[in-house]
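Below is one structure, written out as C-alpha cells; the observations come after it.
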Amino acid sequence: MTLTITGALLAGERVGLRAHNGLIVEIGPGVEPQPGDERVDAAGAILVPPLINGHTHAAMTLFRGYGDDLPLMRWLQEKIWPVERRLELDDVYWGTRLACLEMIRNGTTRFWDMYWHPAAAARAAHDAGLRATVAAPLIDVDGRSEQMREGALRSLDELAGADERVDASLAPHAIYTVSEDSLRWIAEVAGERGLPVQIHLSETEQEVTDCLAAHGERPARYLDRVGLLTPRTVLSHGVWLDDDELELIASRGAVVVTNPVANLKLAVGGVFPYPRARSAGVRVGLGTDGPGSNNSLDLFADMKVLALVQKHAAQDAAAIDALETWDIATGRRAPLLGAASALEVGQPADFLLLRAAASELSFGELPAALVYAASGAVVQTTVVAGRVLMRDGEIEDADEVLARALDRARRLGLSPPLASVRVDELA
Ligand SMILES: [Zn+2]
C-alpha cells in the first residue's frame, strides 16, 4: 500500500510525502503521487511528527467523571477498585478503543498502557491502528506472588507476536504494591526477554517516607538495588526525586514520564523537578495518566500544563521553552518511548497534518502556537505506518466505538448521565 501526501507545509516549504509499506520512501518538494497511490491533498496543512503518550491507563475512559474531586485513596477504595473487580475483557477492549479514538483525534499515535486484561488493550490498539506498549499492573501486596507471576507470564504469552505495532512489557504497579522478591523476579524476566518495564515511582511524598522507613533508601536507589533501573525502564511521575536519584536515573539510562495534569488534579503537592532532571541528563517524556484521573487524553493540554507548571515552580519564565516542550511531547527526549527520529526517508510513516488556517496556529512561531495556543482540535489528519486513521477530522467507526464504550460503562453501573448514543440505536 502506498500513500502520497501533497502540498503540506514543512518548515515553511511546500512538500510531498510518499509512504510505502509503513515507511517514508520520499519526502520533499516535487514528490508526486504515482498511479494507484492513495492520495491526501494537504494544501493548507502543516506536517508535524505525532505525539507520544508515555503513561496512561487507556480503558479508564469508562471511569471518566466517576468519583472526581475525591482524595486519591478514597477515589481508589470507594470508586475504582470495586468496579475494577467486575471488569470483563470487553470493558477493557471498548474502553481502550474509545481512548484510541480520542488519541487519533488529538494527534497521539503511540501510548504506553498499564491496565488489566492487556491482551484486550493490545487488540484494541491493533484494531484502531495505533502503536502501543501494553502491560498488566503487577501487584502482590496481598501475598499472592505466585498468582501474580503466573498471570504476568500468561499475559506475555498472549501478547507475543500479536502485532508488530503493539509491544509487550512488564508493569510492576509501584514499589509499595510489589514485594522486593517479586521486583527482583520481574527484573530477571525483563532482562532475559529484553522487555521494557513500566512503574509508578515517587508520585507522593508518603511513598518516599515509607521507602526510607522500610528499606533505608529512597525509591530510585531501592529500584536500582533490585535491578529495575535500566535503559528499558519507564518511571512515571518522579515528583519527589532528589538530585542523587536524578543522577542515578540518568546514569542508568532510564526514562521519567511526567504527568503534570494528573499530579495537579490528585494534589500530590509537588512538581517533577524538570530543570534539575535536565541538568542531570535524564531522558524525559510526557503522559496524561489514566482518563479516570486526568480526565482528558489530549496531550496538547498536558503540554501546556507541563510548560506552565515548570515555569511557575522555578519562578523563571525561561525554565522550559516551547520547542523543548514540543520535543518532550513528541518523544524526542526519550528514544525508548518509540518515536521516529525524524520525518525522513526510511523512518516510520507516522505523522500529523494540522489545520494551518486555525487561528491558534496563524500567529507567531509554530512551537509556541502548538504549546501555548492550540488544542488537539488543530489536528486534521492522523497517519500511522502509512495508514490514514483520521482524514479531515473523520474517523471510521467513531459512532460505534462511543456507543459500545457507553454500553460497557452502563453495564458496570456507571450510567453516564450524558449518554446520547446507544448501540441498539445505531443504524
Ligand atoms: Zn498511572
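Atoms within each ligand, like the ligands themselves, are counted from 1 in listed order. These values consider heavy atoms only, across backbone and side chains, with no hydrogens, waters or symmetry-generated copies.
The aromatic rings of F63 and Y66 sit tilted, their planes meeting at an angle between 30° and 60°.
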Legend entry - L354/V379 under side chain to side chain contact (heavy atoms under 4.5 Å, CB included): CA gap, chis, key distance, verdict: CA-CA 5 Å; L354 309 180; V379 180; 3.8 Å; yes
- Message: As a quick check of understanding, evaluate side chain to side chain contact (heavy atoms under 4.5 Å, CB included) for W75 and S293, giving each step before the final call.
- Response: CA-CA 9 Å; W75 176 65; S293 60; 3.8 Å; yes
Next item on the list: For D242 and R221, run salt bridge (Lys or Arg N to Asp or Glu O under 4.0 Å): C-alpha distance rounded to whole Å, both residues' side-chain angles, the deciding distance at 0.1 Å, then the answer.
Entry: CA-CA 11 Å; D242 72 7; R221 282 271 158 210; over 6 Å; no
>> Please determine whether side chain to side chain contact (heavy atoms under 4.5 Å, CB included) holds for the pair T325 and L286, giving the CA-CA distance in whole Å, both sets of side-chain angles, and the decisive distance to 0.1 Å.
In response: CA-CA 9 Å; T325 308; L286 178 64; 5.9 Å; no
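For a distance threshold of 2.8 Å, the protein N, O or S atoms nearer than that to the Zn ion (ligand 1), listed by chain and number, are H55 NE2, H57 NE2, H200 NE2, D289 OD1.
By the 6.0 Å and 45° rule, R404 stacks over the aromatic ring of W94.
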